[in-house]
Amino acid sequence: MKVAVFSTKPYDREYLKEANQIYRYKLDLFEPHLSVKTCKLAFGYEVVCAFVNDCLDAAVLEELSRNGTRLIVLRSAGFNHVDIKAAEKLDITVARVPAYSPHGVAEHAVALILALNRKIYRAYNRVREGNFSLDGLIGFELCGQTAGVLGTGKIGSVFIKIMQGFGVNVIAYDPVQNPDIAVEYVALDELFSRSDIISLHLPLTPATKHLINKQTIQSMKKGVMLINTSRGGLIDTPALISGLKSGAIGYVGLDVYEEESDIFFEDLSSQIIQDDIFARLLTFPNVVVTGHQAFFTRNALKAIAETTLRNIRGFQDRNIPKSNLVTSQLIGGK
Ligand code: NAD
């Protein structure tokens, strides 16, 4: 089986090659993102393997289908970059890695909270310059605060347990309640109005796009801390910037950004950032941005590589686990 693997970095190659020792598929590892321009690289490949910033819209899927692709394996849990309905129409199977390291992502969300609260990033730079002043570094105790969690699936439920360990009072919103966690579910507007910290752990779908917008920011507690390790499109970034400027939002920790596909995963340190909205975000002293690294643990890379190749074997054997299949049911379609 020939597999065209897009958006590969040295670490992907290492873990995929290791996992492939069992299967011995012919993995052709391409560096570019998948797009209308690059999909000709996949000509004649029955399987295409993609990551979060690859484009799998209708135009790309049609071209892949014409070129002989029958299976897309995503090296991610998120699937917002795939036009699922188009894939179904073209009879292309799409499989993902639904859970590879919920602990890694939840722990990264907690790392953002701690760094923002105790201003670790500012303290680190000050101390290195011999500045031991504490002015501007004051934090608050997490114990006794209220955290609102949107999405109580695999990552959200781990995040809740960690926060509860800190003595944080956790409230949650999810249309599907998780019976495995002890948490108070509340309506969305109540979550916004009661939370000192809000953490997003829900998928990006047409229904959740820009869930954090001008109106919802207005309904939050003044000075709220907002954490997003899910998908950038959940937040309307210009509204977020207005909220930061007015003080409505007190802290922001982001691992994802709506327009990240042109920025993240690359070394742009000697270039000028062309995205003025993103550049403005980086100027705030109370904003910490990481470049989509919440998943990035050894455990996760190993699990992603293994499940991705197992999904290909499942396709051959016609038994990909239902939880790994990406279908329109996941976005509320029929
Ligand atoms: P999951 O499917 O286990 O849980 C998602 C939960 O969100 C489900 O319980 C679902 O019912 C809920 N949900 C759906 N619509 C909602 C809404 N409108 N409001 C509130 N809740 C809603 O997914 P997961 O494994 O916990 O992952 C969550 C998200 O994290 C993924 O969709 C992905 O985008 C993101 N993610 C990011 C990284 C990273 O490196 N930053 C890594 C993995 C996953």
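Whatever order the structure lists ligands and atoms in, that order sets their numbers, starting from 1.
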Short list, please: which atoms of ligand 1 are under 4.0 Å from a heavy atom of [X]?
X: G153; result: 3 (O), 4 (O), 6 (C), 9 (O), 26 (O)
X: P175; result: 16 (C), 17 (C), 19 (N), 20 (C), 21 (N), 22 (C)
X: T208; result: 18 (N)
X: H201; result: 5 (C), 6 (C), 7 (O), 28 (C)
X: Y100; result: 42 (C), 43 (C)
X: Y173; result: 19 (N), 20 (C), 21 (N)

Given [options], which one has a non-hydrogen atom that is nearest to [atom]?
atom: atom 24 (P) of ligand 1; options: I155, L204, L150; value: I155
atom: atom 17 (C) of ligand 1; options: T229, L202, L254, D255; value: L202
atom: atom 11 (O) of ligand 1; options: V97, D174, V176; value: D174
atom: atom 14 (C) of ligand 1; options: A172, P203, A106, S157; value: P203

- Any chance the rings of Y257 and F278 have centres within less than 6.0 Å?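 Between F278 and Y257, which both carry aromatic rings, the centre distance is below 6.0 Å.
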**Report entry** Inter-residue atom distance L64.CG - L56.CG, 0.5 Å rounding
**Finding:**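 These two atoms lie 7.0 Å from each other.
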Among side-chain atoms of [X] and [Y], is any donor-acceptor pair under 3.5 angstrom?
X: H201; Y: S230; value: no
X: D267; Y: S269; value: yes
X: N213; Y: T216; value: yes
X: T152; Y: N178; value: no

- Salt-bridge contact K221-D196 (side-chain N to carboxylate O under 4.0 Å): yes
message = Between R298 and E14, does any NZ, NE, NH1 or NH2 come within less than 4.0 Å of an OD or OE carboxylate oxygen?
response =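 Salt bridge absent between E14 and R298.
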Nearest-contact summary for atom 33 (C) of ligand 1 - protein heavy atom, Å =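 The closest one turns out to be R231 NH1, 3.8 Å.
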Under 4.0 Å between heavy atoms, the region of H292 that gets near ligand 1 turns out to be side chain
Please classify the K154 to ligand 1 contact at 4.0 Å (heavy-atom distances, strictly less than): side chain, backbone, both or neither.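 For K154, backbone and side-chain atoms both sit under 4.0 Å from ligand 1.
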Here the pair of heavy atoms bringing S35 nearest to V60 is C-CG2, 3.7 Å
**Study point:** Distance flag for atom 31 (C) of ligand 1, protein heavy atom under 4.0 Å
**Key:**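 Under 4.0 Å from atom 31 (C) of ligand 1, zero protein heavy atoms found.
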**Message:** Taking distance alone, with N or O pairs closer than 3.5 Å, would you say F295 contacts ligand 1?
**Reply:** yes
Practice problem: Under 4.5 Å between side-chain heavy atoms, chaining through other members, with only Ile, Leu, Val, Met, Phe, Trp and Tyr counted: pull out the rest of the cluster around I312, sorted by chain and number. | Solution: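 M1, V3, V5, L16, I22, Y23, Y25, L27, L29, V47, L71, V73, L309, F315, I320, L325, all in the cluster of I312.
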(message) Please determine whether any non-hydrogen atom of A99 lies less than 4.0 Å from an atom of ligand 1.
(response) no
Legend entry - 4.0 Å heavy-atom contact, S230 with ligand 1: yes
In short, side-chain hydrogen bond (donor to acceptor under 3.5 Å, both in side chains) pairs touching residues 98-121 with sequence neighbours left out are H108-T290
